[in-house]
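Take a look at the structure set out below.
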Amino acid sequence: MMKRMILAAALTLAALPARADQVRPLTDPETVKACGECHMAFQPAFLPARSWTSMMGQLSDHFGDNASMAPDKAERIRQVLVAGAADTGGGKAGSKALRGVRSNEVPLRITELPRFQRKHDRIPEREWKRPEVKTKSNCVACHRGADQGSYEDE
């Protein structure tokens with residue numbers, strides 16, 4: 001009887017959707033608003049703290065745009081991002097995001113991380129060029145729950 005219960009529990013767990021592609025959502029309203037004005041406010045667990053610190057230190061040239069803001073606001077947002085970063089508070093998702101990233105590297109683009117590339121290399125180039133996608137960093141085009149931390153395949 002006990003073996004059947006254990007087997008039933010194991011089969012039930014196996015049938016549940018995988019939570020491997022779940023990332024703690026970004027919930028700080030100021031950070032979501034500031035970052036979300038131009039793009040999806042990415043979850044901090046995708047990059048290490050050193051990356052967020054570097055990025056927030058060069059907002060006058062944020063991937064070709066000027067995203068400058070008041071220094072106190074930038075520092076507060078930096079603190080939020082660092083606290084949830086892959087190597088400080090990103091948990092299992094953060095550990096996965098950093099696989100293949102050397103400790104001396106300072107990646108600034110999530111799309112250039114080895115894990116992102118491995119998971120997306122099977123997608124044909126024509127899909128990236130669709131008008132509703134436009135760029136590899138437009139996560140919500142393919143993962144409708146991305147802004148809430150859900151990156152399940154749809």
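All heavy atoms count here, side chains included; hydrogens, waters and symmetry mates do not. Counting begins at 1 with the first residue of the sequence.
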Is it true that Lys33 and Glu30 have a side-chain N and a carboxylate O under 4.0 angstrom from each other?
no
Test item: Gln148 side-chain N/O and Gly145 main-chain N/O as donor-acceptor pair under 3.5 Å
no
Residue pairs passing the ring pair (Phe, Tyr, Trp, His ring centres under 6.0 Å) test where at least one lies in residues 91-118, sequence neighbours excluded:
Phe116-His120
Leu47 and Ile110: CA distance, side-chain angles, deciding distance, side chain to side chain contact (heavy atoms under 4.5 Å, CB included) verdict
CA-CA 7 Å; Leu47 292 173; Ile110 295 165; 3.9 Å; yes
Rounded at 0.5 Å granularity, tell me how far CD in Glu75 sits from NZ in Lys73.
14.0 Å
For Arg102 against Glu105, the heavy-atom pair lying closest together:
N-OE1, 2.6 Å
With a 4.5 Å limit on heavy-atom distance, are the side chains of Pro25 and Asp147 in contact?
no
Distance from Leu98 atom CG to Phe46 atom CZ, nearest 0.5 Å?
11.0 Å
With side chain to side chain contact (heavy atoms under 4.5 Å, CB included) as the criterion, how do Arg24 and Gln43 come out once you've worked through the C-alpha distance, each side chain's angles and the decisive distance to 0.1 Å?
CA-CA 7 Å; Arg24 184 176 302 125; Gln43 291 83 15; over 6 Å; no
Does NZ or CZ of Lys134 fall inside the cone over Trp128's six-membered ring, less than 6.0 Å from its centre and within 45° of the axis?
no
In terms of heavy-atom contacts, Ala45 and Gly90 come closest through CB-CA, 3.7 Å
Do you reckon Leu26 sits in the same ILVMFWY cluster as Leu113, going by side-chain contacts under 4.5 Å, direct or chained?
no
N/O donor-acceptor pair under 3.5 Å between Arg78 side chain and Ser54 backbone:
no
Rounded distance [0.5 Å steps], CH2 in Trp52 versus OG1 in Thr88
11.0 Å
Say whether, by atom type as modelled, one donor and one acceptor occur between the side chain of His143 and the main chain of Ser150 under 3.5 angstrom.
no
In the structure I gave you, are the side-chain heavy atoms of Cys139 and Tyr151 within less than 4.5 Å of one another anywhere?
yes
Between Arg99 (side chain) and Arg115 (backbone), is there a donor-acceptor pair under 3.5 Å?
no
Joint cluster assignment, Val80 & Met69, ILVMFWY side-chain distance < 4.5 Å:
no
ILVMFWY cluster, Met56 and Val82 together (side-chain gap under 4.5 Å)
yes
Would Arg109 and Lys136 count as a side chain to side chain contact (heavy atoms under 4.5 Å, CB included) here? Give the steps.
CA-CA 10 Å; Arg109 294 181 183 272; Lys136 291 182 180 182; over 6 Å; no
Met55 and Phe63: side chain to side chain contact (heavy atoms under 4.5 Å, CB included), yes or no, with the steps?
CA-CA 9 Å; Met55 196 176 306; Phe63 304 103; 4.1 Å; yes
Side-chain heavy atoms of Ser103 within contact of Pro48, under 4.5 Å:
no
Taking Asn66 for the side chain and Ser68 for the main chain, is one N or O donor matched with an acceptor at less than 3.5 Å?
yes
When you measure from the side chain of Asp28 to the backbone N and O of Ile77, does any donor-acceptor pair fall under 3.5 Å?
no
Do Arg122 side-chain atoms and Lys119 backbone N/O form a donor-acceptor pair below 3.5 Å?
yes
Give a yes or no answer on whether the side chain of Asp87 reaches the backbone of Ala49 with a donor-acceptor pair at less than 3.5 Å.
yes
The reported gap from CD in Gln58 to OG1 in Thr53 (rounded to nearest 0.5 angstrom) is 11.0 Å
Given the rule that I, L, V, M, F, W and Y join up when any side-chain heavy atoms are under 4.5 Å apart, are Met40 and Leu81 in one cluster?
yes
So, for Asp121 and Arg118, which heavy atoms are closest and what is the spacing to 0.1 Å?
OD1-O, 3.0 Å
